[in-house]
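A short write-up of the structure that comes next.
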Amino acid sequence: QVERVEGPCSRGLRHGHHERVGDRRPRQRAGSHKRVDGVVDTEADEPDAAAGYRFVQVASGLDQPVHVSAPRNQPGRVYVVEQGGLVRVVDAGKIRAEPFLDVRARTRSGGEQGLLGLAFAPDYATSRQFVVNYTDRNGDTRVVRYRSDGAKALPASARQLLFVKQPYSNHNGGMVAYGKDGLLYV
């Protein structure tokens, strides 16, 4: 599931909202949560009186979501990274049938491996470039830049930026982000 945390101090992807993925972790407030089928019930999005925050479900039906990102020029749309190798588009709360990117044939997924990160270039509106970080079939890390046609990734545009031979199957990182300086951080 993908949720948006709304509150007075939240800073994130969209106008004071912070997107997060996966199971909700209980906040430290006694008696306000119960676990049902691996998901914490926070009493129907009731605000946390102490912090002024509430959870709002943005989408459901995703498979192992590990990251959410969005280009600055696309309000109301988020891109969800599924560990198994898909990037799914959630547009106004609805998941598009066709994935934005499919690298399942290139990745090894499970545990701490798989498609782990996504970052859109600061000039994505014109360049249509974005970067993903994944562990390949051998368990090694690859950071690859792609272009899109605006609706989906163009597989033939793939250009490897970084390769790291990984000695172990865990602690492989995965986060990629562009800084305010316009540089890509891995």
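The figures that follow rest on heavy atoms only: side chains count, while hydrogens, waters and symmetry mates do not.
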Main-chain N/O of F130 paired to R145 side chain as donor or acceptor, under 3.5 Å: no

Separation of T141 OG1 from L116 CG (nearest 0.5 Å): 7.5 Å

Pairs flagged by salt bridge (Lys or Arg N to Asp or Glu O under 4.0 Å) wherever residues 166-179 is involved - sequence neighbours left out: none

Test side chain to side chain contact (heavy atoms under 4.5 Å, CB included) applied to V131 and Y178, step by step: CA-CA 10 Å; V131 174; Y178 284 91; 3.3 Å; yes

Partner set under ring-ring contact (aromatic ring centres under 6.0 Å, His included) for Y124, not counting sequence neighbours: F120

Closest heavy-atom pair and its distance - Y79, A70: CD1-CA, 4.2 Å

Closest non-hydrogen atom pair between V176 and A119, with its separation: O-CB, 3.6 Å

Qualifying salt bridge (Lys or Arg N to Asp or Glu O under 4.0 Å) pairs, either residue in residues 104-116, two or more places apart: D102-R104

Q64 (side chain) donor-acceptor with Q83 (main chain) under 3.5 angstrom: no

Same apolar cluster (I L V M F W Y, side chains within < 4.5 Å links), L115/V66: yes

Hphob cluster co-occupancy, V78 + I95, side-chain heavy atoms under 4.5 angstrom: yes

Contacts of type side-chain contact (heavy atoms from CB on, under 4.5 Å), residue D140, not counting sequence neighbours: D136, N138, F163, K165, Q166

Cluster overlap M175 with V186, hydrophobic side-chain contacts below 4.5 Å: no

For T135 against Q113, the heavy-atom pair lying closest together: OG1-CB, 3.1 Å

Only distances under 3.5 Å count here; give the side-chain donor-acceptor pairs of residues 149-162 to other protein atoms, sequence neighbours excluded, each with its distance to 0.1 Å.
residue : atom : partner : partner atom : Å
D149    : OD1  : A151    : N            : 2.8
D149    : OD1  : K152    : N            : 2.8
S157    : OG   : R147    : N            : 2.8
S157    : OG   : L154    : O            : 2.6
Q160    : OE1  : R142    : NH1          : 2.4

Close side-chain approach of S109 and Y134, heavy atoms under 4.5 Å: no

Same cluster (ILVMFWY, side-chain, under 4.5 Å), V89 and V87: yes

Side chain proximity check, Y146 to V103, heavy atoms < 4.5 angstrom: yes

Contact list for residues 89-99, test side-chain hydrogen bond (donor to acceptor under 3.5 Å, both in side chains), sequence neighbours left out: R77-D91

